[in-house]
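Read through the structure below, which is laid out as structure tokens, and then see the notes.
These numbers were taken from a predicted model, which means no experiment stands behind them.
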Amino acid sequence: LFYFAVYPSLTRFIGAELTRGYFLEHNEAKYTERRERVYTFLRIPKELEKLMTFGFFLCVDAFLYVFTLLPLRVLLAVLRLLTLPCCGFRLDGSRLLQPAQVCDVLKGLIMVLCFSMMHYVDYSMIYHQIRGQSVIKLYIIYNMLEVADRLFSSFGQDILDALYWTATEPKERKRDSIGVIPHFFMAVFYVFLHAILIMVQASTLNVAFNSHNKSLLTIMMSNNFVEIKGSVFKKFEKNNLFQMSNSDIKERFTSYVLLLIVCLRNMEQFAWKPDHLWVLFPDVFMVVTSEVAVDFIKHAFITKFNDITADVYSEYRASLAFDLLSSRQKNACTDYSDSVARRMGFIPLPLAVLLIRVVMSSIKVQGALSYTCVFLFYLGLVTLKVLNSIVLLGKSCVYVKRANMEDKLFERPSTTPSSSGKNPNKQNPVTPCSPPLCSSSSVTTQPTPRSDLFPPLPTDPSPCEVQGASDLKHRTPKKDLLEIDRFTICGNRID
């Protein structure tokens with residue numbers, strides 16, 4: 001009885017336990033890895049939002065710079081231009097203005113000309129033309145506008161950088177400065193077209209907000225989820241994910257500015273009644289929530305399918321912080337507001353022109369009290385800009401220190417080769433930076449003139465070709481995150 005009844009059951013039980021132990025022993029590593037993937041998937045939203053928040057305030061800093069410090073810097077440059085010839089005194093050899101001041105004046109002129117041209121564009125006519133179209137046509141138009149905005153941003157920074165370099169490079173003959181004029185008009189034309197494109201995009205979003213059944217707004221929000229399909233199932237390296245993260249930061253900030261423009265236009269139509277703001281709030285909340293949810297889902301699955309840990313976002317944040325600290329040093333070869341914005345592909349000039357146009361058409365300023373309020377508001381923006389810059393500098397110091405990147409801050413960037421009979425590929429000697437890690441001069445002061453940044457140009461090869469050959473010679477197969485710059489000017493930074 002024992003042999004026929006108990007023994008088979010006991011044998012099966014012992015065999016099952018032995019099999020289970022063997023299975024657990026040989027699959028422990030695999031299931032531990034799967035558990036870590038689940039933990040990483042749950043950590044992605046938190047780490048991504050830290051990067052997004054830091055990048056968002058970097059965009060805010062670059063955007064506020066256009067409204068606050070750029071007018072002051074242009075005013076200082078004009079005063080210098082007017083006073084120095086009267087005193088019979090010149091700085092920086094043959095230059096009346098330093099390269100950074102030349103770039104400031106060019107930005108100011110572009111802003112003034114584009115704003116004057118935007119007065120001839122009727123926002124109401126564009127709005128009613130878009131409103132008369134069908135829902136499907138508007139959906140296609142909005143998708144085309146998004147693609148066009150990315151293309152304009154990609155090529156526009158190259159146009160602006162080419163203008164700045166042409167205006168600040170050393171001229172062997174006075175005749176060479178004539179080349180600045182075509183570059184300047186090309187930059188004005190680009191900023192004007194990009195501002196109109198963003199205006200049409202804002203008008204389409206405004207039509208979606210004001211539609212009765214909200215079907216267009218729902219379709220436009222579903223377009224964000226289509227982005228998941230185009231991104232999740234592709235192979236991504238860490239560098240590609242860094243570029244996509246920067247693009248997401250820029251898109252989120254741009255969408256927030258578009259929502260601000262839509263709210264301003266709607267509040268103007270309803271005589272600035274506070275009750276209408278609560279009517280717009282659910283739609284605004286729905287758009288923002290969909291943007292955040294799409295970013296969470298997209299990045300979570302990309303990191304899962306490509307075996308990328310959540311710690312990579314800390315590296316991305318440290319890279320942006322390194323750019324910010326590098327641009328604040330006294331020997332920085334880039335403008336204060338351009339280095340991080342250039343890395344993220346964010347161009348504040350067209351967006352700033354459009355926002356000024358919308359604000360001035362929506363808010364009527366009349367009387368001394370109104371101008372006093374405008375002046376106080378400007379002082380508030382300056383205060384916000386300074387406080388934001390201080391907080392960003394402090395956070396950047398912390399992030400750079402955690403990533404052990406302090407040593408790279410003391411490496412001076414390589415300069416362009418000179419034509420003094422030496423090998424053009426030979427770099428100038430590198431000297432450490434004089435300021436400490438977190439030291440920064442005033443954001444309104446100009447860097448000390450440095451003639452070594454603008455040596456005479458070689459006659460045979462162009463600077464771009466020589467720098468490109470040098471970069472190809474010393475380039476490593478695997479790029480560092482700090483070398484990823486979506487928009488460069490011949491591999492050089494601009495003073």
Practice prompt. Kindly indicate, with the supporting measurements, whether the criterion side-chain contact (heavy atoms from CB on, under 4.5 Å) is fulfilled by Val207 and Tyr127.
Written response: CA-CA 7 Å; Val207 170; Tyr127 173 80; 3.5 Å; yes
Discussion item. Before we go on, tell me: are the rings of Phe192 and Phe189 under 6.0 Å apart, centre to centre?
Written reply: no
Worksheet item: Heavy-atom distance under 4.5 Å between the side chains of Met111 and Val74, does that happen here?
Response: no
Worksheet item: How many angstroms lie between OG in Ser203 and CD1 in Ile126, if you round to the nearest 0.5 Å?
Response: 5.5 Å
Item to complete: Check Tyr190 against Ile159 and note the closest heavy-atom contact, atom names and distance.
Response: CB-CD1, 4.1 Å
Worksheet item: Below 4.5 Å, heavy atoms only, C-beta onward: do Ile110 and Phe184 meet side chain to side chain?
Response: yes
Discussion item. Against the six-membered ring of Phe54, is Arg317 placed for a cation-pi contact (under 6.0 Å from the centre, within 45° of the normal)?
Written reply: no
Worksheet item: Does some side-chain heavy atom of Val60 sit less than 4.5 Å from a side-chain heavy atom of Leu384?
Response: no
Worksheet item: When you look at CZ of Phe185, are more than 12 heavy atoms from neighbouring residues, nucleotides or ligands closer to it than 6.0 Å?
Response: no
Worksheet, complete the sentence: Here the gap from Asn388 atom CG to Thr383 atom OG1, rounded to the nearest 0.5 Å, amounts to 12.0 Å
Discussion item. So does Thr68 get a backbone contact from the side chain of Tyr378, meaning a donor-acceptor N/O pair under 3.5 Å?
Written reply: yes
Practice prompt. State the CD-CG distance between Gln101 and Leu76, to the nearest 0.5 angstrom.
Written response: 8.0 Å
Worksheet item: Is the side chain of Ser319 donor-acceptor paired with the backbone N or O of Glu315 at a distance under 3.5 Å, no angle test?
Response: yes
Please list, one pair per line, the donor and acceptor atoms closer than 3.5 Å that link side chains of residues 267-275 to other protein atoms, with sequence neighbours excluded.
residue	atom	partner	partner atom	Å
Glu268	OE1	Arg265	NH1	3.2
Glu268	OE1	Ser362	OG	3.4

Worksheet item: Looking only at heavy atoms, what is the nearest atom pair of Pro45 and Leu42, with distance?
Response: CD-O, 3.5 Å
Worksheet item: Relative to each other, are the rings of Tyr256 and Phe56 parallel, tilted or perpendicular (30° and 60° limits)?
Response: perpendicular
Discussion item. Applying side-chain contact (heavy atoms from CB on, under 4.5 Å) to Gln201 and Ile261, what does each step give before you reach the verdict?
Written reply: CA-CA 11 Å; Gln201 200 171 0; Ile261 293 174; over 6 Å; no
Discussion item. Using modelled atom types and a 3.5 Å cut-off, is there a donor and acceptor pairing between side-chain atoms of Arg252 and backbone atoms of Asp295?
Written reply: no
Worksheet entry | Verdict with supporting geometry, Tyr139 and Tyr142, ring-ring contact (aromatic ring centres under 6.0 Å, His included) | CA-CA 5 Å; Tyr139 173 70; Tyr142 192 78; 8.4 Å; no
Worksheet entry | Spacing of CD1 belonging to Ile196 relative to OH belonging to Tyr123, to within rounding of 0.5 Å | 13.5 Å
Worksheet entry | Distance-minimising heavy-atom pair for Ala403 and Ala318 | CB-CB, 3.7 Å
Worksheet item: Does the side chain of Phe57 reach to within under 4.5 Å of the side chain of Lys395, using non-hydrogen atoms?
Response: no
Item to complete: Verify, without hydrogens or angle tests, whether Gln133 (side chain) and Gln129 (backbone) share a donor-acceptor contact under 3.5 angstrom.
Response: yes
Practice prompt. Grab the two heavy atoms, one from Val365 and one from Ser370, that are nearest each other, plus how far apart they are.
Written response: CG1-CB, 3.6 Å
Discussion item. Do Leu69 and Val386 make a side-chain contact, defined as non-hydrogen atoms from C-beta onward lying under 4.5 Å apart?
Written reply: no
Taking only distance into account, with no hydrogens and no angle test, what donor-acceptor pairs under 3.5 Å do side-chain atoms of residues 277-289 form with protein atoms, sequence neighbours excluded?
residue	atom	partner	partner atom	Å
Asp283	OD2	Lys214	NZ	2.9
Thr289	OG1	Phe285	O	2.6

Worksheet item: Does Val200 offer a backbone N or O that forms a donor-acceptor pair with the side chain of Thr204 under 3.5 Å?
Response: yes
Practice prompt. Give, for atom CD1 of Ile297 and atom CD1 of Ile302, the distance between the pair rounded to the nearest 0.5 Å.
Written response: 12.0 Å
Practice prompt. Report the C-alpha separation of Lys46 and Arg43 in whole Å, then their side-chain angles, then the decisive distance to 0.1 Å, and conclude whether the side-chain contact (heavy atoms from CB on, under 4.5 Å) test is met.
Written response: CA-CA 6 Å; Lys46 178 182 176 181; Arg43 283 182 57 198; 5.7 Å; no
Worksheet item: How long is the gap from CZ on Phe155 to CG on Leu160, to the nearest 0.5 Å?
Response: 10.5 Å
Worksheet item: Do you know the tightest heavy-atom contact between His194 and Asp149?
Response: NE2-OD1, 2.7 Å
Response to the item:
When every non-hydrogen atom of Met360 is compared with those of Phe115, the smallest separation belongs to SD-CZ, 3.2 Å
Discussion item. Please tell me whether Arg73 and Tyr65 have a donor and an acceptor in their side chains that are separated by less than 3.5 angstrom.
Written reply: yes
Worksheet item: Does the side chain of Leu320 reach to within under 4.5 Å of the side chain of Tyr399, using non-hydrogen atoms?
Response: no
Item to complete: Determine yes or no for a side-chain-to-main-chain donor-acceptor pair under 3.5 angstrom, with Asn210 supplying the side chain and Asn206 the backbone.
Response: yes
Practice prompt. Please report the C-alpha distance between Glu146 and Glu251 in whole Å, then the side-chain angles of each, then the deciding distance to 0.1 Å, and finally whether the side-chain contact (heavy atoms from CB on, under 4.5 Å) criterion is met.
Written response: CA-CA 10 Å; Glu146 282 191 344; Glu251 289 178 6; over 6 Å; no
Practice prompt. Could you tell me whether the side chain of Thr309 reaches within less than 4.5 Å of the side chain of Thr303, counting heavy atoms only?
Written response: no
Worksheet item: Mind checking whether Leu241 and His299 have side chains closer than 4.5 Å, heavy atoms only?
Response: yes
